[in-house]
Amino acid sequence: VFSNSESEIINLEEGFSLQLSNLHLKEEKTKPNTNGAIVKTDDNAEKTEDEEKEDRAAQSLLNKLIRSNLVDTTNQVEVLQRDPTSPLYSVKSFEELRLKPQLLQGVYAMGFNRPSKIQENALPPCFLLLLGSAEDSPQNLIAQSQSGTGKTAAFVLAMLSRVEPGNKYPQCLCLSPTYELALQTGKVIEQMGKFHPELRLAYAVRGNKLERGQKISEQIVIGTPGTVLDWCSKLKFIDPKKIKVFVLDEADVMIATQGHQDQSIRIQRMLPRDCQMLLFSATFEDSVWKFAQKVVPDPNIIKLKREEETLDTIKQYYVLCNNRDEKFHALCNIYGAITIAQAMIFCHTRKTAGWLAGELSKEGHQVALLSGEMMVEQRAAVIERFREGKEKVLVTTNVCARGIDVEQVSVVINFDLPVDKDGNPDNETYLHRIGRTGRFGKRGLAVNMVDSKHSMNILNRIQEHFNKKIEKLDTDDLDEIEKIAN
DNA sequence: AAAAAAT
């Protein structure tokens with residue numbers, strides 16, 4: 001089915017009927033682990049050179065064809081089942097899930113042909129009933145997998161498959177850490193569910209005001225913690241007892257003490273006992289991981305290991321300066337190089353972000369600013385312009401550190417290094433920030449601006465944590481920068 | 001420190 005001829009490629013694009021069986025002929029081998037975990041490893045050992053060459057050609061073509069993570073080069077998935085004796089499901093096609101035709105149509109219309117690695121493993125526990133398992137209740141899940149591996153589509157599919165469009169009340173609830181991410185995920189839900197005529201989505205976000213006493217008729221709700229909590233409790237727009245699926249996107253921040261723990265847990269306590277809980281994130285710091293297992297009853301656990309690879313596609317540099325003004329001038333020097341595609345510049349505070357955007361404008365560089373202190377209407381407009389490519393450079397805070405998916409972003413600049421409230425390096429945020437680039441296996445560039453001995457020390461600790469060299473960059477050497485940016 | 005918020 002797969003071929004290099006152009007006519008066939010066009011057919012594939014139009015019909016979305018691509019069969020990828022050729023790429024995954026090898027059966028996966030599973031071997032039991034000491035603590036009941038199953039570690040699956042793709043075995044490529046007996047492939048001939050020709051086969052490998054064919055695989056490589058096929059993969060590069062596919063990547064060009066379809067903007068998705070169809071071909072996942074991940075080599076290790078760790079699955080820890082709630083019941084280690086039950087069979088280990090792993091779906092190789094969306095058909096196996098026996099989705100409603102309207103939903104399958106939505107999946108294919110988005111350009112997904114075959115489940116990504118995380119989807120292969122994460123979907124079965126969400127679909128046990130459909131797969132004809134003896135299990136009667138939907139299973140809970142904690143899933144960790146790197147940026148751009150298809151987490152969003154996995155939990156959106158889980159929600160859409162369980163929703164009953166005929167029932168005009170909220171049945172699925174998804175929480176996002178920020179306004180912008182809620183909008184983005186909402187778009188995915190809308191796209192994937194667009195062939196279900198009756199299906200509606202409500203946005204429980206800042207600025208979305210409803211009349212008192214009103215009830216929400218939409219079957220799915222996506223929102224940010226504060227608004228969702230209000231809608232469930234004092235405003236009573238949502239009856240939390242009727243929620244069947246509860247999703248925490250960027251789950252680690254959603255349950256972290258320094259994050260949205262209070263509100264998320266208060267919402268969770270209002271849900272019925274048999275409500276399915278799905279936690280997804282690219283990172284789970286140790287203490288948060290323990291807490292997750294405490295709040296999610298009998299979870300299935302999926303970990304997808306690809307940290308090295310993520311960092312392989314993203315080149316990391318640092319620029320040595322003595323103070324904030326020097327950082328600003330260094331940034332001006334590389335502005336031309338970073339605007340070849342799109343760039344995101346992260347600052348520690350809203351104030352710095354505002355200042356930096358102002359200074360860059362004064363120098364005649366066009367930049368957009370996005371931070372949490374802005375009005376929601378303005379925030380929606382800015383992120384939209386950035387998505388459309390009307391803005392090339394976005395100066396922002398940690399509000400955009402996670403989840404924001406703009407394909408053209410090829411450079412991430414840490415104008416300030418990510419640190420937590422105690423001033424220690426924030427490794428999780430670092431990985432999330434630089435994960436805004438290098439998406440879909442593309443190459444990405446991260447530049448860290450260092451302005452003191454203290455921040456150099458923080459950078460060194462980040463470098464040690466990921467065990468990955470961060471090289472020095474001379475911002476006066478424009479040739480070198482252009483070369484890297486290209 | 002940022003984010004969340006009909007406070």
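Here the nucleotide nearest the side chain of K234(A), chosen from dA1(B), dA5(B), dT7(B), is dT7(B). Listed nucleotides: dA1(B), dA3(B), dA6(B). Nearest to the side chain of L235(A): dA6(B). For T224(A), the listed nucleotide lying nearest its side chain is dA5(B); candidates were dA5(B), dA3(B), dT7(B). Among the nucleotides dA4(B), dA6(B), dA2(B), the one closest to any side-chain atom of T178(A) is dA4(B). Listed nucleotides dA1(B), dA4(B), dA6(B) differ in distance to L210(A); the shortest reach to its side chain belongs to dA6(B). The side chain of Q263(A) approaches dA4(B) more closely than any other nucleotide in the set dA6(B), dA3(B), dA4(B).
The side chain of R433(A) places no N or O atom within less than 4.0 Å of a non-bridging phosphate oxygen (OP1 or OP2) of dA2(B). For S371(A) and dA2(B), the shortest distance from a side-chain N or O to OP1 or OP2 is not below 4.0 Å. One finds a side-chain N or O of T227(A) lying less than 4.0 angstrom from the OP1 or OP2 phosphate oxygen of dA5(B).
Checking N448(A), L459(A), V319(A) one by one against N414(A), the side-chain contact (heavy atoms from CB on, under 4.5 Å) holds for a single residue, N448(A). Remark: of the listed residues E428(A), E250(A), K151(A), Q144(A), E250(A) is the sole one forming a side-chain contact (heavy atoms from CB on, under 4.5 Å) with S281(A).
Note: CG (D262(A)) to P (dT7(B)) measures 19 Å, nearest angstrom. The distance from atom CD of E250(A) to atom P of dA4(B) is 13 Å, rounded to the nearest whole Å. Going from atom NZ of K351(A) over to atom C1' of dA3(B) covers 19 Å, rounded to whole Å. Distance, M254(A) CE to dA4(B) P: 10 Å, rounded to whole Å. Between the CZ atom of R206(A) and the P atom of dT7(B) there is a distance of 12 Å, rounded to whole Å. For the pair L370(A) CG and dA3(B) C1', the interatomic distance rounds to 12 Å; values are reported in whole Å. Rounded to whole Å, atom P of dA6(B) lies 15 Å from atom CD of Q214(A). To the nearest angstrom, P of dA1(B) lies 14 Å from CD of E373(A).
Within a 6.0 Å sphere centred on NZ of K351(A), other residues, nucleotides and ligands contribute 12 heavy atoms or fewer.
In this model, no donor atom of one side chain and acceptor atom of the other lie less than 3.5 Å apart for Q81(A) and N300(A). Between R461(A) and N424(A), the side chains place a donor N or O and an acceptor N or O closer than 3.5 Å (distance only, hydrogens not considered).
F237(A) comes within 4.0 angstrom of a nucleotide base, judged by non-hydrogen atoms across all strands.
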